[in-house]
S.K.: 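One structure is given below, represented as structure tokens, and several questions about it will come after.
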Amino acid sequence: MCELKARFSQAFKHLQQISPQFIELPEIYVFDAVESTNQTLWQLVEQGAKPGTVAIALEQKAGRGQWGKKWESPAGGLYLSWYIEPQLPVENAAQLTLCSTWGAARILRNYGLQVKIKWLNDLVIGDKKLGGILTETRLKGSKINRAVIGIGINWNNPVPDTGVNLKTIIDNDNSS
């Protein structure tokens with residue numbers, strides 16, 4: 001677990017060097033298992049966690065998707081949440097999710113994966129779900145003053161017939 005935290009810290013330090021005005025080194029919490037990384041991060045925020053804080057779990061016991069749907073989150077996937085304070089007008093709330101989904105898809109495409117977005121928050125390869133984004137917000141007046149953006153990506157975890165994990169894709173690419 002310490003190795004995972006160290007790798008994330010190293011990646012953020014690199015980003016901080018190339019874009020210091022945008023990236024502050026976050027506090028990173030890594031857990032073996034939690035109910036949900038979003039829920040855990042909201043608890044950390046209530047305890048004083050600062051914007052930029054990240055919660056990562058190797059497994060979620062009660063992961064959630066949009067509209068309260070259950071997100072299967074067994075060990076082997078990537079489950080993380082990020083806390084921000086966007087000060088965004090409430091009518092632009094969908095932009096948080098869409099920008100997060102687009103950013104995740106773009107990063108994965110940079111690695112040669114043919115990831116597409118299924119409106120608004122799903123990452124898909126072909127017709128199979130690879131991952132999803134869940135954004136939860138808190139309002140102050142007419143602005144979103146706090147948000148937790150959660151992402152779940154199937155890496156090397158079992159998935160339903162409608163899903164796909166990255167290990168399967170990489171293994172298939174290497175065998176061709």
Side-chain angles (χ1 to χ4, degrees), residues 1-20 22-66 68-86 96-97 99-111 113 115 121-123 125 129-138 145-160 163-171:
M1 187 120 50
C2 290
E3 179 185 340
L4 181 63
K5 185 173 180 177
R7 292 176 89 182
F8 272 96
S9 292
Q10 183 179 23
F12 276 106
K13 284 179 185 175
H14 176 71
L15 288 172
Q16 194 175 34
Q17 289 173 351
I18 60 176
S19 295
F22 298 112
I23 305 293
E24 291 185 28
L25 187 62
E27 184 70 33
I28 301 172
Y29 294 86
V30 181
F31 304 93
D32 286 324
V34 296
E35 292 299 306
S36 112
T37 56
N38 275 21
Q39 177 185 338
T40 299
L41 191 48
W42 281 120
Q43 291 167 350
L44 291 168
V45 168
E46 293 302 317
Q47 296 168 13
K50 304 284 185 240
T53 299
V54 174
I56 302 168
L58 303 178
E59 179 180 4
Q60 293 184 115
K61 302 291 186 181
R64 302 184 315 273
Q66 294 287 348
K69 292 180 183 173
K70 184 177 180 182
W71 172 263
E72 297 291 330
S73 310
L78 172 65
Y79 316 109
L80 68 90
S81 296
W82 179 45
Y83 171 58
I84 60 172
E85 293 182 348
L96 285 174
T97 300
C99 289
S100 299
T101 307
W102 178 84
R106 181 169 174 148
I107 289 167
L108 292 167
R109 289 181 70 85
N110 286 344
Y111 286 95
L113 298 164
V115 177
N121 69 311
D122 288 341
L123 300 167
I125 294 181
K129 186 169 180 174
L130 175 66
I133 308 289
L134 177 64
T135 304
E136 298 175 333
T137 60
R138 303 293 187 263
N145 70 326
R146 298 183 296 160
V148 168
I149 301 168
I151 183 167
I153 303 244
N154 296 321
W155 174 252
N156 187 23
N157 53 304
V159 294
V164 64
N165 67 35
L166 289 174
K167 182 167 184 343
T168 300
I169 293 166
I170 292 166
D171 287 350

S.K.: About how many Å separate CD1 of Ile149 and OG1 of Thr97, when rounded to the nearest 0.5 Å?
M.R.: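 The distance works out to 7.0 Å.
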
S.K.: Given the ring of Trp42, does Arg146 sit roughly above its face, with NZ or CZ under 6.0 Å from the centre of the six-membered ring and within 45° of the axis?
M.R.: no

S.K.: Under a 4.5 Å cut-off applied to non-hydrogen side-chain atoms, are Thr101 and Leu123 in contact?
M.R.: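 In contact.
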
S.K.: Roughly how far, to the nearest 0.5 Å, is OG1 of Thr40 from CG of Leu80?
M.R.: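 That separation rounds to 12.5 Å.
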
S.K.: Tell me the closest heavy-atom pair linking Leu44 and Phe31, and the distance in Å.
M.R.: CD1-CZ, 4.5 Å

S.K.: Tell me the closest heavy-atom pair linking Leu41 and Ala55, and the distance in Å.
M.R.: CB-CB, 4.2 Å

S.K.: Within this structure, what is the CD1-SG distance for the pair Ile133 and Cys99, rounded to the nearest 0.5 Å?
M.R.: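 These two atoms lie 11.0 Å from each other.
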
S.K.: Can you list every pair that meets salt bridge (Lys or Arg N to Asp or Glu O under 4.0 Å) and has a residue in residues 101-110, with sequence neighbours left out?
M.R.: none

S.K.: Which pair of non-hydrogen atoms, one from Tyr79 and one from Gly152, has the smallest distance, and what is that distance?
M.R.: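 That closest heavy-atom pairing would be CD2-CA, 4.1 Å.
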
S.K.: Quick one: side-chain contact (heavy atoms from CB on, under 4.5 Å) partners of Ala147, sequence neighbours excluded?
M.R.: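 Residues passing side-chain contact (heavy atoms from CB on, under 4.5 Å) with Ala147: Ile84, Pro86, Leu96, Thr137, Ile144.
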
S.K.: Taking atom CG of Asn145 and atom CZ of Arg138, what is their separation to the nearest 0.5 Å?
M.R.: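 Separation between the atoms: 10.0 Å.
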
S.K.: Sorted by first residue and then second, give each salt bridge (Lys or Arg N to Asp or Glu O under 4.0 Å) pair with at least one member in residues 73-84; sequence neighbours left out.
M.R.: none

S.K.: Among residues at least two apart in sequence or on other chains, which ones pass side-chain contact (heavy atoms from CB on, under 4.5 Å) with Val164?
M.R.: Ile125, Lys128, Leu130, Ile169

S.K.: Show every salt bridge (Lys or Arg N to Asp or Glu O under 4.0 Å) that has at least one partner inside residues 50-63, sequence neighbours left out.
M.R.: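 For residues 50-63: Glu59-Lys61.
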
S.K.: Is the backbone of Gly132 close enough, under 3.5 Å, to the side chain of Asn121 for a donor and an acceptor to pair up by distance?
M.R.: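 No: the side chain of Asn121 does not pair with the backbone of Gly132.
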
S.K.: Taking C-beta and beyond as the side chain, do Ile153 and Leu108 meet within less than 4.5 Å on heavy atoms?
M.R.: yes

S.K.: Could you measure the distance from the CG atom of Leu113 to the CD1 atom of Ile107? Nearest 0.5 Å is fine.
M.R.: 12.0 Å

S.K.: Could you tell me if the side chain of Thr37 sits less than 4.5 Å from the side chain of Tyr29, heavy atoms only?
M.R.: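 SC-SC contact between Tyr29 and Thr37 ruled out.
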
S.K.: Identify, with sequence neighbours excluded, every residue that meets side-chain contact (heavy atoms from CB on, under 4.5 Å) alongside Asn156.
M.R.: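 Asn156 satisfies side-chain contact (heavy atoms from CB on, under 4.5 Å) with Lys167 once adjacent residues are dropped.
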
S.K.: Between Ser81 and Asn38, is there a side-chain donor-acceptor contact under 3.5 Å, judged purely by atom types and distance?
M.R.: yes

